[in-house]
Amino acid sequence: MNSIFEPLKKAGLTTLKLRYDMRTDRCTLFAAKEWTEDLDFSRYNVDFFTESLLTPDSVFLPDAAVRKLFAGCGLSDYLEKVEHLLRAGRHFGMDCYYYQKYDIRFMGNLHSRKLGIHNKYHATLAGGIRRHDLSDEELDVIVDGLNLSRAMSYKNIAANLPFGGSKTTVHMAPLDMSNMDVMGFLAFAIDRIRTMTGPDMNFPTEMADIMNEHFSQQFTNGPSSPLGESGKPTAYGVYLAMKEASRFVWGTDDLSGRSVAVQGLGAVGRYMADYLLKEPVKLIITDIDESRVKQYIVDHPDRDIQYIPPDDILTAPVDIICPCAMGGILDEQTISRLKCKMVFGAANNQLKAINPQEEIALSKILAEKGILYQESWWHNIAGVLSGAEAYIHGAEASLDRLYKTIEDTVPQKTRENLEKAKALGITPTECMYRTCDRILYGE
Ligand code: NAD
């Protein structure tokens, strides 16, 4: 399998940094050996710190030498693909750390620090940390991480938060939380990239509590957080925004009688369904885990809730499709088969695209079909709001303040965006990018 970690492995290195410079349109590489193979990371922040130099045999390689290493491994074309992704998404870079002892491939996907540079915290970036199995194709993992980090820059603008956008993806075997060597390594790497993070896909939330206790305060949203899980506030924000979008399309935010199909009944989707049931909607639900659907129907005996097979949800003749599972579900083909009036959900990166231009092109196809669509990073912001509330206020974090912020922020931003897009004659997705690019890039 092609891997940017292969040259590190061969040369006994620990570190690879990729940087994209927008001024010159050039990518520059840097690689290093910064610690010895037998370093015990369980001693992180006890015997050594994130800035320590941890080997007498340190190596620091400039761009040309790193490119030579890639060429020696037959990976120049692969490297070019990764650099193309950085360029296309205007990311400032990736920080990669290789922990050979456990074959852990840590990738800090860094989009923009712009919003966080004067925030006075250790972390100037915010974005979750997720794990991918080693059997997953590395390029897919990189695309996932870069897309999500880009969405985080924009999401943090939507949430009025003083943090840039990042996403950490770790290509490794399932996490053993009792292995403090591995936990220490992950904390060390997170501290280095200066991101505030929370466990996402394939990392348990308990990980954050262990990190906070032993290694790093940059982790949030563990079970001991006074704010609880982030899925519920996220669903609340999406529900409020959906009502605004409904007012925009149908002239009323009353969802009574509307048919809404929720895809995925996980941490967000099950609460989304709960909020929708506060009104007499026609609720349709699906999940690849059928037991979740069955349980949901059993838990709501007085309501008429329909099940739809997972493969049929996108072609369902409903008013609203509410994606709350995976991203990448909308491409030209699937859009052509949609029969709804609105796609409005929590899932990140619903459009199958790798940059804003591709997203805007797909959003135009949706608009031509008369389907209202707003990129989810504009309204699924309560997860990062919750993380920031916990990060900034610690034990004083307040659920009341979090919900008030959601109510004050999310519906208003959606209303403004939809109205502005209409006035400019562009799609809501293009309008969001125009608003944010002015802040991120001065355009
Ligand atoms: P989750 O893993 O808890 O739930 C996802 C659910 O979708 C699971 O029940 C899974 O079985 C189901 N699913 C997977 N593939 C499916 C398919 N093809 N058809 C139907 N169901 C399918 O994840 P989550 O935390 O609820 O997140 C859902 C989405 O919302 C993700 O895209 C996530 O990035 C996004 N999001 C989550 C949060 C949060 O706070 N959890 C915040 C913002 C955005």
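For reference, positions follow the sequence shown, starting with 1. Order of listing sets the numbers, starting from 1, for every ligand and every atom in it. All values below were derived from every heavy atom in this structure, side-chain atoms included, with hydrogens, water molecules and symmetry-related copies excluded.
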Query raised in the report: Do any N or O atoms from the side chain of Asn221 and from the backbone of Gly198 form a donor-acceptor pair under 3.5 angstrom?
Result: no
**Report entry** Part of Cys324 with heavy atoms under 4.0 Å of ligand 1, whether side chain, backbone, both or neither
**Finding:** backbone
Requested in this report: Might you point out which heavy atoms bring Cys27 and Glu83 nearest each other, and give the distance in Å?
Outcome: CB-OE2, 3.4 Å
Report task. Mind listing the closest non-hydrogen atom pair of Leu146 and His91 along with its distance? Result -> O-NE2, 2.8 Å
Which atoms from ligand 1 have a heavy atom of [X] less than 4.0 Å away?
X: Arg292; value: 8 (C), 9 (O)
X: Ala347; value: 29 (C), 30 (O), 32 (O), 35 (C)
X: Ala346; value: 30 (O), 35 (C), 36 (N), 44 (C)
X: Met326; value: 15 (N), 16 (C), 17 (C), 18 (N)

Query raised in the report: Using the benzene-type ring in the case of Trp, are the ring centres of Tyr98 and Phe106 under 6.0 Å apart?
Result: no
Query - Centroid-centroid distance, Tyr433 to Trp377, less than 6.0 Å - result: yes
Query raised in the report: Is the cationic atom of Arg258 (NZ for Lys, CZ for Arg) positioned less than 6.0 Å from the six-membered ring centroid of Trp250 and within 45 degrees of its normal?
Result: yes
Query raised in the report: Is at least one protein non-hydrogen atom found at under 4.0 angstrom from atom 25 (O) of ligand 1?
Result: yes
Query - Pick from Ile288, Ile381, Asn348, Val384: the one approaching atom 13 (N) of ligand 1 most closely through a non-hydrogen atom - result: Ile288
Report task. Kindly identify the option in Asp287, Asn380, Ile285, Val238 whose heavy atom sits closest to atom 11 (O) of ligand 1. Result -> Asp287
Query raised in the report: Hey, is ligand 1 close enough to Thr286 that some N/O pair sits below 3.5 Å?
Result: no
Query raised in the report: Backbone or side chain, does any N or O of Gly383 fall under 3.5 Å from an N or O of ligand 1?
Result: no
